[in-house]
Structures are given as C-alpha cells and as structure tokens.
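This is a predicted model, so every value here is computed, not measured.
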Amino acid sequence: MDRLKVRSLRVVFALQLLCVALFLFSSLFDLLGLQPHWQSPEIRVVVRFLAAIGLVLGTVLGWSALRHSIRRTLSSERKLQAASNAFMELVEAHFSDWGLTPAERDVALFSLKGMTVNEIAELRGTSPGTVKAQTNAIYRKAGVGGRPQLLSLFIDDLIQDELPAHMAATAPAEAEAAAAETQGAAA
C-alpha cells in the first residue's frame, strides 16, 4: 500500500478515536448527571453529531480498505496459481523431453522441492540407494551434474524472457564475448 493511503488511514483512525472519546465523555457526563460549565445542551448534541459522522466515515473508509485488501489478496492468489501452473507445465515438458519414468518424475519433483535423498526414500517407501540411482539417471538424462544445475534449468527457462531492459541489451554481447573467450582457450 502506498504511503499516501497509509497516512490517510492513520488520519482517519485518529479521527475515529477522537470521535469515540468525545462521544464517550459526553455520554459519561450525561450518565453521571454532570454538566460542565463550558458545555451547553446544544454543544453536546453537536459533539455527538460530529462524533457519529466521524464514526460513520471511519466505518466506510475501513470497509473500503478491507475490500481493496481482499481484492489485492485474490489477485495475488490468482497470479501465484497461474505461475505455479506455468511452472508445473514447464516441469512436465522437461520431464517428457528427457524421457523420465514415473518414478524418476516423482524423485525429480521431490528433488526440485529441496528434499534430501533420505526424505524422498521415506516418502516413496524405497531405499536411499534406489533414490540415488534414480537421481543419477535424472541428472544424466537432463544433461546436468547435480541438483543445483537441475534447478537452474527451470529457473533459466522461467526468467529468460524477463530480463530487465538494461540487462537485455548487454546480455547478447556478453554471451558472444564469453563464447569467443571459450573458443580462444580451446584453440
């Protein structure tokens, strides 16, 4: 939420507190039968009326802020669900391209979630040796050397089109320079 909205809500909240205090003090004076010398019956009515207006205003603005917050939350949840679905589609596409078996798919997915070999073995009801063999097969089929590189494949696919403008302009030049350096070292 931007600073202006936060500041506005604080001002409204302070106004509401002031109105509640005025309303309570005015009601307390009436209840105890006290009438301060500075307060006429007309002033008490005006104070209560202003307090009621402040409370109504605070309620309306509070309701508006709540609705805005709910809309933002729902929008964020939809975006997160769409990103999750897109990631799973990407994962499934890679798994199919690599020709992973159903067991290897499970192991690869658990591995991407950051689970250890022992945790995966326990979840799947297999031995850690079996999981290690499956992870080695996954890494071989994916053409990577381990879990960090496997995860990197998916991260690279997700952010390849999302480079900031200042990086997108320099990325091709840097890639060409790195390739030329590699070729020069090989020769």
Supply the members, apart from [X], of the Ile/Leu/Val/Met/Phe/Trp/Tyr cluster built from side-chain contacts under 4.5 Å; use none for a lone residue.
X     : answer
Ile53 : Phe49
Leu24 : Val20, Leu55
Leu80 : none

Checklist entry - For residues 130-140, which residue pairs qualify under side chain to side chain donor-acceptor pair (under 3.5 Å), counting only residues two or more places apart or in two chains? => result Ser127-Thr130
Next on the checklist: Checking the side chain of Lys141 only, and the main-chain atoms of Leu100 only, is there a donor and an acceptor separated by less than 3.5 Å?
Outcome noted: no
Checklist entry - Does any N or O in the side chain of Ser76 come within less than 3.5 Å of the main-chain N or O of Arg72, such that one atom is a donor and the other an acceptor? => result yes
For [X], enumerate each residue passing the side chain to side chain contact (heavy atoms under 4.5 Å, CB included) test, keeping only those at least two apart in sequence or located in another chain.
X      : answer
Leu57  : Leu15, Leu61
Arg71  : Arg67, His68
Ile70  : Leu66, Leu74
Leu151 : Leu112, Ile155

Item to check | Approximate separation, where rounding is to 0.5 Å, of Leu109 CG and Asp106 CG | outcome: 7.5 Å
Next on the checklist: Nearest 0.5 Å, please: how far is CE in Met115 from CG in Leu123?
Outcome noted: 5.0 Å
Checklist entry - Same cluster or not: are Phe13 and Leu50 linked, directly or through other Ile, Leu, Val, Met, Phe, Trp or Tyr residues, by side-chain heavy atoms under 4.5 angstrom apart? => result no
Please report the shortest heavy-atom distance between [X] and [Y], naming the atom on each side.
X      : Y      : answer
Gln16  : Thr59  : NE2-N, 3.7 Å
Ala142 : Leu150 : CB-CD1, 4.1 Å
Val117 : Pro128 : CG1-O, 3.5 Å

Checklist outcome for this item: Sorted by chain and number, sequence neighbours left out, salt bridge (charged side-chain N to carboxylate O under 4.0 Å, His left out) with Arg147 holds for none
List, one per line, each side-chain donor-acceptor pair under 3.5 Å for residues 82-93, sequence neighbours excluded.
unit_1, atom_1, unit_2, atom_2, d
Asn85, OD1, Gln81, NE2, 3.0
Asn85, ND2, Gln81, O, 3.4
Glu92, OE1, Arg105, NH1, 2.5

Checklist entry - For residues 77-88, which residue pairs qualify under salt bridge (Lys or Arg N to Asp or Glu O under 4.0 Å), counting only residues two or more places apart or in two chains? => result none
Next on the checklist: Once salt bridge (Lys or Arg N to Asp or Glu O under 4.0 Å) is applied, what residue pairs with a partner in residues 113-123 remain, sequence neighbours excluded?
Outcome noted: none
Item to check | Any side-chain heavy-atom pair of Glu104 and Phe95 under 4.5 Å | outcome: no
